[in-house]
Amino acid sequence: QLQASGGGLVQAGGSQRLSCAASGGTVDDYSIGWFRQGPGKEREFIAAISWRGSSTYYPDSVKGRFTISRDNAKNTVYLQMNNLKPEDTAVYYCAADLGRHGSWWSARTYDYGYWGQGTQVTVSS
């Protein structure tokens with residue numbers, strides 16, 4: 001399982017860094033994706049990083065504000081979130097891309113596995 005941590009309460013305009021660590025395994029064999037799920041919303045893809053960390057991808061909703069990175073030596077993937085907005089309030093999850101498609105990244109939840117419990121990020125206005 002991949003466990004996300006580092007969430008909390010932050011004011012609008014602030015920053016937060018989330019971590020994603022593997023329990024009982026390693027992350028370095030997989031592309032990793034970050035997702036979030038706000039109240040009453042579907043789970044939304046927000047970032048992906050290739051297994052070596054050489055490639056990243058973001059949707060327009062977070063591009064320029066969020067940065068995904070990884071340290072395979074520490075078996076950890078990070079999500080740095082800057083200029084947070086109230087609409088970023090959500091439970092944030094990380095997951096491993098199972099590689100069952102033709103690209104190095106995917107925005108589809110069903111292409112990912114090893115989901116763990118997410119971490120809540122609440123942005124106050």
Side-chain angles (χ1 to χ4, degrees):
Q1 297 299 103
L2 297 179
Q3 184 61 49
S5 62
L9 177 64
V10 61
Q11 289 188 333
S15 297
Q16 195 89 350
R17 189 176 82 156
L18 305 182
S19 298
C20 171
S23 59
T26 63
V27 299
D28 55 1
D29 290 337
Y30 299 95
S31 293
I32 300 295
W34 280 97
F35 293 76
R36 67 184 180 187
Q37 189 164 14
K41 297 182 180 180
E42 293 187 352
R43 196 164 294 191
E44 174 192 12
F45 165 79
I46 57 173
I49 188 166
S50 59
W51 71 276
R52 286 186 174 180
S54 56
S55 298
T56 58
Y57 184 84
Y58 310 91
D60 289 342
S61 58
V62 304
K63 190 179 296 182
R65 298 190 300 124
F66 290 11
T67 302
I68 188 172
S69 62
R70 67 191 301 160
D71 186 340
N72 286 343
K74 295 183 177 180
N75 207 27
T76 303
V77 176
Y78 304 98
L79 184 69
Q80 177 67 41
M81 306 185 294
N82 298 328
N83 190 23
L84 284 163
K85 305 174 182 180
E87 52 263 43
D88 294 319
T89 294
V91 178
Y92 284 71
Y93 301 87
C94 58
D97 189 327
L98 301 177
R100 299 183 297 201
H101 50 85
S103 177
W104 74 263
W105 71 277
S106 172
R108 302 175 298 197
T109 57
Y110 57 80
D111 284 328
Y112 288 81
Y114 304 110
W115 299 87
Q117 293 182 345
T119 186
Q120 175 72 47
V121 174
T122 302
V123 184
S124 63
S125 57

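In this chain, residues are counted from 1 in sequence order.
- Residues that satisfy the ring pair (Phe, Tyr, Trp, His ring centres under 6.0 Å) test with F35, not counting sequence neighbours, are F45, Y112, W115.
- For the salt bridge (Lys or Arg N to Asp or Glu O under 4.0 Å) condition, the pairs that include at least one residue of residues 44-56, sequence neighbours left out, are R36-E44.
- With salt bridges taken as basic N to acidic carboxylate O contacts below 4.0 Å, none links K85 and D88.
- Partners of Q37 according to the side chain to side chain donor-acceptor pair (under 3.5 Å) rule, which considers only residues two or more places apart in sequence or in another chain, are R43.
- Applying the side-chain hydrogen bond (donor to acceptor under 3.5 Å, both in side chains) rule to pairs touching residues 8-24 yields S15-N82, sequence neighbours excluded.
- For Y57, the ring pair (Phe, Tyr, Trp, His ring centres under 6.0 Å) test picks out W105, with sequence neighbours left out.
- Each side-chain hydrogen bond (donor to acceptor under 3.5 Å, both in side chains) pair with one or both residues in residues 116-125, not counting sequence neighbours, appears once here: Q120-T122.
- Within the structure, disulfide bond (SG atoms under 2.5 Å apart) pairs that include any residue of residues 9-82 comprise C20-C94 (at least two apart or interchain).
- Through chains of ILVMFWY side-chain contacts below 4.5 Å, Y92 is grouped with L2, V10, L18, V27, Y30, I32, W34, I46, I49, Y58, V62, F66, I68, V77, L79, M81, L84, L98, Y114, V121, V123.
- The salt bridge (Lys or Arg N to Asp or Glu O under 4.0 Å) pairs that include a residue from residues 110-125 are R108-D111, where partners are two or more places apart or lie in different chains.
- Shown here for A95 and G113, the closest heavy-atom pair between the two residues is CB-O, 3.5 Å.
- Sorted by first and then second residue, the side-chain hydrogen bond (donor to acceptor under 3.5 Å, both in side chains) pairs with a member in residues 66-77 read R70-N72; sequence neighbours excluded.
- With sequence neighbours excluded, no residue forms a salt bridge (charged side-chain N to carboxylate O under 4.0 Å, His left out) with E87.
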